[in-house]
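Remember, predicted model here, so these are calculated numbers, not experimental data. FYI, side chains are in, hydrogens and waters are out, and symmetry mates aren't considered; it's all heavy atoms of this structure.
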There are 2 protein chains.
Amino acid sequence: MARDLETALLRSFVTVVREGSISRAATALGHTQPALSQQVRKLESAVGRPLLHRSPSGVTLTRAGEELLPYAQRILSLSAQALTEAGRALTGRCGVGLLEDLAASQLPQALADLARLHPGARLEVLSCSNAAMREAYDEGRVQLVLDEVPDLPGPPRWTVRRPLAWAIGQGVDVAADPLPVVLFSGACSWRTSVLESLESADRRWRVAFESNSLVGVLAAVRAGLGVAALLPTNLEPAMTCHDTDALPSLPDVELGLARHPRSEGDPLIDAVETALRRMN
Amino acid sequence: MARDLETALLRSFVTVVREGSISRAATALGHTQPALSQQVRKLESAVGRPLLHRSPSGVTLTRAGEELLPYAQRILSLSAQALTEAGRALTGRCGVGLLEDLAASQLPQALADLARLHPGARLEVLSCSNAAMREAYDEGRVQLVLDEVPDLPGPPRWTVRRPLAWAIGQGVDVAADPLPVVLFSGACSWRTSVLESLESADRRWRVAFESNSLVGVLAAVRAGLGVAALLPTNLEPAMTCHDTDALPSLPDVELGLARHPRSEGDPLIDAVETALRRMN
DNA sequence: CCTGGCCATAACTATTCATTATGTCAGCTC
DNA sequence: GAGCTGACATAATGAATAGTTATGGCCAGG
């Protein structure tokens, strides 16, 4: 049993998890499928437990895999930080606006790591409605906003596509004819695209619950009120969607980052921006 | 430039730093000197800056090396945690008593990492006089004590030797005939062994300053009041001892861990114990 | 001036890793 | 239900990698 976990293997692992399949992760990393298969196997033998359930339609995490994932993400994030900002004692203040779905993921963790290693830097994370976000951006209270591209308060400096997944509550019948759907009430811009994908699959639906917060949506799904379309990071294990479901496939969302022009050249904000970008 | 820092290289790096020499690190890791030389070089090329000043008497950290070190230590600590406690959702409470010199090192950082990954666990770190420590141990407020072996409140479960180093303030003449020495005032049990090593080298000395806290000792040394014997982790860069100094070589200290018998079998305390042990 | 400790370099070797090629399995289509 | 498709596993080959031995330079101490 190896003494340390190799970062290369951890990188492969998180990529496999993110892509949901060994083959896709292989192409994403510029390698072949057997190479990734081998790496995952090696990581499993280092940990001593299987990390993935293999199936002919892809892979899902085992219990051990779920346990390892947050460690792997933090190790990679620290390693990337060490490579870029290594200790340059950043100071100043940086406000970050996040889509609420992202504020619940491991992203704030990475920002906290960054703040801890730069005691002179002050990071503030904000998550609110699009209107309030734009105001904060215009007033210079947040310099960086990571959100859906159409909702950004400025032109995107870069973008990234993320898949959506169905979150299915306990006891919900996914075949129910008017499908009970749990929605964000605000101007969530993937709301329409989700409903469109239902209609183009000829599924009738009804709004079972609306909430303007992620915790509200999650609670509703957990309580079995219906299904919701969420980023895979925010799914609780019990809500995992079984790929072969009767639900239509969901569109990707396109996230982007806007940066306030006046913050150009600030080293702290550079560092935070690359930290956000690294989160894929 | 590699995307991630390989843990194997980081392991080599921290070992080299700890041992103060590439050759010694090589034997410590069970490899040869050229292999370690190569690894350090590879890490340097990954970071893009030299990490070590090489000299015929060993190596010292460059600025970049000092910046990388804490990242490397945290990454290795997380990796080791992932291998052992991976996510087993530990809960409960654990009190840890630390020698003050250790409470200032990267050790509390590792404990904080552990606490953060186990939100249900409550860790309390205590650093106080030997008498108060024994009382806390007897009353069950601390289950683990890491201290010098003679001062432990119970039998050591394991021990580890650490070197001492001279901390030399700016402008202090190390050849001064009554050597000005800064000491811990309490019952610091390496106090006597340090003074013995001076006497056996026929050096006369005088107490220039006494303090019962590490910060006090450090401040005194920083102010140029004299020299002190400390763990290398606690030396500030400006105090680095130039090995070839006129000061006698210092004995090692022997640290050990005592664990309260009633805590036997508690998984959280097991985890904290191995975390402490990993810190070498 | 020689010796010993330490690091760098070079040449060689062994291992490791990724690739190509092939096999197996499950689900889907017709 | 036969055949197709997509996904992962396995095996064998070849290239890149990392470790070892051997050697040289440098500085300090005797």
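- Here A:Gln39 reaches the OP1 or OP2 of C:dA18: one of its side-chain N or O atoms lies under 4.0 Å away.
- Using a 4.0 Å cut-off, some side-chain N or O of A:Arg54 falls inside it from OP1 or OP2 of D:dA9.
- Rounded to a whole Å, the CZ atom of A:Arg24 is 10 Å from the C1' atom of D:dA7.
- D:dC8 atom C1' lies 9 Å from atom CZ of A:Arg41, rounded to whole Å.
- Between the side chain of A:Gln33 and the base of D:dA7, no donor-acceptor pair of N or O atoms lies under 3.5 Å.
- Remark: A:Thr32 is not in phosphate contact with C:dA18, judged by side-chain N or O atoms under 4.0 Å from OP1 or OP2.
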* Residue pair A:Leu114, A:Gln81: steps toward the side-chain contact (heavy atoms from CB on, under 4.5 Å) verdict -> CA-CA 8 Å; A:Leu114 200 153; A:Gln81 270 185 44; 3.8 Å; yes
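- We find that CD of A:Glu19 is positioned 12 Å from P of D:dA7, with the value rounded to whole Å.
- Between A:His31 atom NE2 and D:dA16 atom P there is a gap of 13 Å when expressed in whole angstrom units.
- Here the closest non-hydrogen pair linking B:Leu10 and B:Leu5 is CD1-CB, 4.1 Å.
- B:Glu6 and A:Thr7 form a side-chain donor-acceptor contact under 3.5 Å, judged by distance and modelled atom types alone.
- Rounded to whole Å, the distance from NE2 on B:His53 to C1' on D:dC26 is 18 Å.
- One interatomic measurement links the two molecules: CG of B:Leu51 to C1' of C:dC7, which rounds to 16 Å at whole-angstrom precision.
- Proximity of a side-chain donor or acceptor of B:Ser77 to a complementary backbone N or O of B:Gln73 within less than 3.5 Å is not detected.
- Closest to the side chain of B:Pro56, from the set C:dG5, C:dC17, D:dT21, is C:dG5.
- At the phosphate of D:dC8, neither OP1 nor OP2 sits under 4.0 Å from any side-chain N or O atom of A:Ser37.
- One can place NZ of A:Lys42 at 8 Å from C1' of C:dC17, the figure rounded to the nearest angstrom.
- Between B:Ser23 and C:dC7 there is a side-chain N or O to OP1 or OP2 distance below 4.0 Å.
- If you take CD1 of A:Ile22 and P of C:dT24, they are 19 Å apart, rounded to a whole angstrom.
- A donor-acceptor pair under 3.5 Å is formed between the side chain of A:Arg54 and the backbone N or O of A:Leu52.
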